[in-house]
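Index from 1, following the sequence.
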Amino acid sequence: MNKKSIRIIEKFLRRKLDYRFDEGQSVFRLHVSSGAKAGLMGVAIIVREDVVNCLATFPFRGTDETAAKLSEFVCRVNVNLSVGHLDY
């Protein structure tokens, strides 16, 4: 467990968001509003000794009609990310 990373994340979250921390797994869990239409996004911040991962899940699914637009959105976002990626 990386205690320094945990303290930094806690300090940020304490000022901004309501979160829970699972000390046994070193995971922060929280929900963030992603807008009226999209609802609450679930976020997990996983702290390991040498890396901190952030996983966000949106509470909606695309339809057959929106699949092409959502796929394009994910591709466009991924092109500009230097680390990590979005999945659809």
Side-chain angles (χ1 to χ4, degrees):
M1 175 181 352
N2 185 329
K3 291 183 186 257
K4 182 177 179 182
S5 294
I6 289 171
R7 283 194 308 273
I8 291 168
I9 295 166
E10 277 183 319
K11 186 176 179 180
F12 172 78
L13 292 177
R14 194 175 310 125
R15 291 180 295 159
K16 307 285 182 185
L17 302 164
D18 182 30
Y19 68 94
R20 287 179 289 140
F21 179 64
D22 180 335
E23 191 169 348
Q25 295 184 357
S26 297
V27 176
F28 292 90
R29 297 182 196 284
L30 56 138
H31 290 91
V32 179
S33 175
S34 54
K37 290 184 180 180
L40 289 177
M41 173 178 55
V43 179
I45 302 170
I46 305 146
V47 181
R48 297 294 178 249
E49 198 59 45
D50 57 345
V51 67
V52 175
N53 290 307
C54 182
L55 173 68
T57 306
F58 288 93
F60 61 90
R61 296 184 180 274
T63 63
D64 290 343
E65 294 79 31
T66 61
K69 288 183 179 182
L70 287 170
S71 295
E72 179 183 356
F73 168 76
V74 169
C75 288
R76 288 179 181 270
V77 170
N78 283 337
V79 164
N80 294 312
L81 292 177
S82 58
V83 176
H85 63 278
L86 296 180
D87 291 324
Y88 172 61

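To the nearest 0.5 angstrom, I46 atom CD1 is 13.5 Å from S5 atom OG. Separating the CZ atom in R29 from the CG atom in L13 is a distance of 13.5 Å, to the nearest 0.5 Å.
Grouping the Ile, Leu, Val, Met, Phe, Trp and Tyr side chains by contacts below 4.5 angstrom, directly or via other members, places L55 apart from I6. Hydrophobic clustering, with ILVMFWY side chains joined whenever heavy atoms are under 4.5 angstrom apart, keeps V47 apart from I8. L81 and L70 fall within the same hydrophobic cluster, where Ile, Leu, Val, Met, Phe, Trp and Tyr residues are linked whenever their side-chain heavy atoms come under 4.5 Å apart, directly or through other members. Note: the hydrophobic cluster containing I9 also contains F21 (ILVMFWY, side chain heavy atoms under 4.5 Å, direct or indirect links). Linking ILVMFWY residues whenever their side-chain heavy atoms come closer than 4.5 Å, directly or via other members, leaves V52 and V27 in distinct clusters.
Shown here for M41 and A56, the closest heavy-atom pair between the two residues is SD-CB, 3.7 Å. Y19 approaches R14 most closely through the heavy-atom pair CE2-N, 3.8 Å. For the pair R48 and Q25, the tightest heavy-atom approach, listed with the atom from each and the gap, is NH1-O, 2.9 Å.
Between the side chain of N78 and the main chain of L86, a donor-acceptor pair closer than 3.5 Å is present.
R76 CZ: 12 or fewer foreign heavy atoms inside a 6.0 Å radius.
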Legend entry - Full working for side-chain contact (heavy atoms from CB on, under 4.5 Å) between R7 and K11: CA-CA 6 Å; R7 283 194 308 273; K11 186 176 179 180; over 6 Å; no
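Contact of the F28 side chain with the V43 side chain is not registered, since no non-hydrogen atoms from C-beta on lie closer than 4.5 Å.
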